[in-house]
Asker: 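The structure is given below, and queries will be raised subsequently.
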Amino acid sequence: MFDNVHIEPTDESLGEATAAARAEEFDAFVAVGGGSTIDTAKAANLYSCYPADLLDYVNLPIGKGLPVPGPLKPLIAIPTTAGTGSETTGVAIFDFVKMHAKTGIAHRRLKPTLGLIDPENTRTQPPAVAASAGLDVLSHAIESYTALPFHQRPRPERPILRPAYQGSNPISDVWSLESLRLVSIYLERAVRDPSDDEARGSMMLAAAFAGIGFGNAGVHLPHGMSYPVSGLVRGYRAPGYAVDHALVPHGVSVILNAPAVYRFVSSACPERHLRAAEILGAKVNGARLDDAGKILADRIVQLIRDLHLPNGLRALGYETADIPRLVEGTLPQHRVTKLSPRPAGPEDLARLFEESMLAW
Ligand SMILES: [Fe+2]
């Protein structure tokens, strides 16, 4: 048993887990926990089966982006939060401390062999964790649905070099939209009342459905921008999280960037933004396509307020002076930023961070 998983894993904590995985000859891995635990197990499985320098399998341009050489040991993932969807994806995310930025390893061979999705396992999830994780689900669903379409991405030289995140596609759309429908009905109920079994169970399914959606289509700017927001954290303590260090929960760092992003990218696929807003309960009758991003953004801000999340990046301790570093931490996140339906250069990103300072 390895119980030293770091909440929001780091290069160092993955190394520790890998060392534990190599200490004996194990047959299989069982990951019981949230995304941090499942991602740690994926990495420990990979680096114990195919020992290599950490950066070898890490995404370009931060790492070498080498494909996983062969099959890994069986991994059974048992999620205890309704957020990550990591039980369905071939992605492991960690904080590369030296760069103050999150990055990841993405390959279909990292996908768990089996996911056990049991609502009983989220019964004691604190409301703040349910809110943050649930907004991560919401963002997975919308980002994968609005990501650059698969046929507009560059074609890889060989199929094995095809990225795990391939752009929005008709099959991922089905999973993402159904996930969003569940989130719109059950998220607030699941946060408000942990004894609401129907809501909690539905949010676990929503997390897994969104995982299947974004695990194939990918996410884009809200996630790309979230990595430096988490990585550069100074003093912020997240209510409801039992940790003894500064931490911006993943879902919080994602969702606070989302409204500005959707206002910016919606011109690339306004119908999709309007559809997402409609599923979330916004009034879209007679709405102009030009307003699609704003309508979706306003609905998300309302959810952020209703779920008592911080009012923008400023509430996490960031100021305008931090923006250049936030932009610098976003630019290398090609795995996700290249999936933005509208390209975003450094000046665009700076403006998006500035608009994300205050949510309302
Ligand atoms: Fe996420």
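Numbering of residues begins at 1 and proceeds along the displayed sequence. When a ligand or atom number is given, it counts from 1 through the structure's own listing order.
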Asker: Answer yes or no: is there an ion pair linking R189 with D193, defined by an N-O contact shorter than 4.0 Å?
Answerer: no
Asker: Please find the N/O/S atom of D136 nearest to the Fe ion (ligand 1) and write down its name.
Answerer: OD1
Asker: What angle sits at the Fe ion (ligand 1) between NE2 of H223 and NE2 of H140, to 10°?
Answerer: 100°
Asker: Which residue in the set R335, Q333, H140 passes side chain to side chain donor-acceptor pair (under 3.5 Å) when paired with H223?
Answerer: H140
Asker: Could you list the cluster mates of V32? Members are the ILVMFWY residues connected by side-chain heavy atoms closer than 4.5 Å, either directly or through other members.
Answerer: V30, I76, I78, L114, L116
Asker: Can you tell me the N, O or S atom of H250 that's nearest the Fe ion (ligand 1)?
Answerer: NE2
Asker: Could you walk me through whether K73 and S48 pass the side chain to side chain donor-acceptor pair (under 3.5 Å) check?
Answerer: CA-CA 9 Å; K73 288 180 180 170; S48 61; 5.5 Å; no
